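Structure, as structure tokens:
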2 protein chains.
Amino acid sequence: MPKPGTRLRLIDVAERAGVSLATASRSLAGREGVSEEVADRVRQVARELGYVANPYARTLAGGASSTVGLVVHQIDDPYFAEIASGVIEIAAEEGLLVQICHSGRDPDAELRQLRHLIAQRVGIILIAGSGYNDPRVEAEARAELSEFQSQGGRVAVIGRHALGVDAVLPDNEAGSRALAGHLLDLGHRHIAIAAGKEGLTTITDRIAGVSSALHQCGLSLDNIPIVHSDFTRGGGRMAAEQILSDHPETTAIIALNDAMAMGVLSTLRAHHIPVPEQMSVVGFDDVSVAADLAPSLTTIRLPMTDMGRMALSLALKPRSARPRRRPTGHLLVVRDSTGPAPSR
Amino acid sequence: MPKPGTRLRLIDVAERAGVSLATASRSLAGREGVSEEVADRVRQVARELGYVANPYARTLAGGASSTVGLVVHQIDDPYFAEIASGVIEIAAEEGLLVQICHSGRDPDAELRQLRHLIAQRVGIILIAGSGYNDPRVEAEARAELSEFQSQGGRVAVIGRHALGVDAVLPDNEAGSRALAGHLLDLGHRHIAIAAGKEGLTTITDRIAGVSSALHQCGLSLDNIPIVHSDFTRGGGRMAAEQILSDHPETTAIIALNDAMAMGVLSTLRAHHIPVPEQMSVVGFDDVSVAADLAPSLTTIRLPMTDMGRMALSLALKPRSARPRRRPTGHLLVVRDSTGPAPSR
DNA sequence: GTGAAAGCGCTAACAC
DNA sequence: GTGTTAGCGCTTTCAC
């Protein structure tokens, strides 16, 4: 009977199994150099006693840390919440702990969080969310991560390519090309873009996709207004207001994520502009509410939960010679927020 | 210059500051028994060197663990995402790490997560989300937590009262009383409830509030249909279908959370039933999308992010003789999804 | 194949 | 006030 306040230690298991501490450790870690019978017996005893290793002692003694640090812009953004959900799921299967921290779309905060996680000796770092166009920021993050990796840490990122690590890459460009193509097919020629703040690579990539689709129609990005605002519902509302006042000829708005699209829809409703009869709206991501909006949102589906799962799975594999890249694929989901361009 | 692969240790700081390990430790922990000058010097050196303590060593040596375990039903549910956001915010200020795990609304899974967190030696445990009506489950959780507390762990919960620990308590009953009162004031007499699965105390409490409002009008819960389904959008859709087919006289639906309300709205739209002209709908929680739905949702606002902040703040305080309770307050937010009962 | 023993980096008694 | 030292519970050489 352990003293109250004292939890089961490995030595207790070892004694009960009639082996040494070292053997017990090897057995539970599934390492070589223990006969099958002994190893089995130890595991058996450990299970019976309900032994759980002390992760602090384990990590301190040099074993790899079993915690994964997940950096997201903001956990209450559904995009990141769904990614986190996937990460947590895999982590639970693997017996890993997930530490979540916020970067708040601030490159310096992100760097701070990164350093903090490294100082905390997490074993795996996952970074979700757009990269920054600022090369200095990316370089610093890259240096930090490469140092971390050289000490045995594992890293994977979601949605950024400039970090030289394993990456899950959303189909930003192809997705928005499909989105713009869909609107062009419907006859829209006065398209406006509600974009997030400049400086995020996600924005850049998604705009590039639109550009590419426009070119195929002999149009150019130069002809269409791009309004930069926050990458949030509030930002969408602001962008929509500006588009309505400055570009009244607009018949379709491409919001570069679903959050902005929701803001756009909200503003159009306030202005009594029927969607899609008078204005088509598209989003990007297909967060789970997108289907339940009124009108339901035409958007690009990204498998966010899967992306979280994929990222952690990548990080769980041994590091490869060159960074792996896992494109996510995408799917144009046509719903009720888009329709033919109004004849004018 | 530390060897590559070797991080800064406290002893390095101590040497640089010309003091012993113990003094350095005391200085950084801000503990008694060090002269101000020395302490300042040590802190100064630590800052210059960019020293961050190894939390594993620290915890192992007996200092309190600086990680907080947060158990939520599901992180990609906006209710929990917003709570988590508040927790993460305070944790960041306090230099704490947040570990998030899922219970998936499964009492046994919750118990497993709890035991796991305790085995992991977290210092603080936060549990968010409804309790269970099953006394066995609550008793087991309670026992586990009280053992954890007796070993110095700190606990706070959000939205459950049967655990004998500090609690942030959403105004479930008063909120739904206000909600039902609002509908009754509008003349609705055929009200249906779209409820989550039985067995959750949140459901019980919110139904009790409705009951109380009904009684004030001389009505009773017996007269109104309660459809139990999942506490999610999908559950809301199913409940709405059933209400429409089995209780066609209904003029108002109380969904016991916003997720269900969204499902209800979605189904009503599919049936071309105008809201609020022909059917009023209310939700509960005021998740951030509620205002952006069409029609925007009348609901009870709960300050989720604050609730997260509050819970961690409670847990950070020393334990009091008797569990503290912090009611959240609530606010009836009337939007476009409710209107006068149609004359029939 | 198994055991003994030396740390990992820190905190907390305990001396001075 | 400050320093010395014994662990915390585990992994990992190094002997056997």
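FYI, side chains are in, hydrogens and waters are out, and symmetry mates aren't considered; it's all heavy atoms of this structure. Please read all numbers here as calculations on a predicted model, not as lab measurements. Throughout, a chain's letter reflects where its sequence line sits, starting with A, and its residues are numbered from 1.
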Could you list the residues that satisfy side-chain hydrogen bond (donor to acceptor under 3.5 Å, both in side chains) with [X], not counting sequence neighbours?
| X | value |
| --- | --- |
| Arg136(B) | Glu140(B) |
| Asp77(A) | none |
| Ser27(A) | none |
| Asn54(A) | none |

>> Could you work out how much the helix from dG1(C)-dC16(D) to dC16(C)-dG1(D) bends, comparing the axis of its first five pairs with that of its last five, to 10°?
In response: 40°
>> Both Tyr56(B) and Ala24(A) contact DNA chain C. Which one's nearest nucleotide lies toward the 5' end?
In response: Ala24(A)
Rounding to an integer number of Å, can you tell me how far [X] [atom1] sits from [N] [atom2]?
| X | N | atom1 | atom2 | value |
| --- | --- | --- | --- | --- |
| Glu32(B) | dG1(D) | CD | P | 9 Å |
| Glu15(B) | dG3(D) | CD | P | 12 Å |
| Leu28(B) | dG9(C) | CG | P | 16 Å |

Please enumerate all residues that pass side-chain contact (heavy atoms from CB on, under 4.5 Å) together with [X], with sequence neighbours excluded.
| X | answer |
| --- | --- |
| Leu21(A) | Leu10(A), Ile11(A) |
| Ala29(B) | Arg31(B) |
| Gln44(B) | Arg47(B), Glu48(B) |

>> Counting only side-chain nitrogens and oxygens, does Thr23(A) get under 4.0 Å of the OP1 or OP2 atom of dG3(C)?
In response: yes
Dump every N/O contact between nucleotides 10-14 of chain C and the protein below 3.5 Å, one line per pair.
| unit_1 | atom_1 | unit_2 | atom_2 | d |
| --- | --- | --- | --- | --- |
| dC10(C) | OP1 | Tyr51(B) | OH | 2.2 |
| dC10(C) | OP2 | Leu10(B) | N | 2.3 |
| dT11(C) | OP1 | Arg58(B) | NE | 2.9 |
| dT11(C) | OP2 | Ser25(B) | OG | 2.7 |
| dA13(C) | N6 | Arg26(B) | NH2 | 3.1 |

>> Can you classify the ring geometry of Tyr132(A) versus His73(A) as parallel (below 30°), tilted (30 to 60°) or perpendicular (above 60°)?
In response: tilted
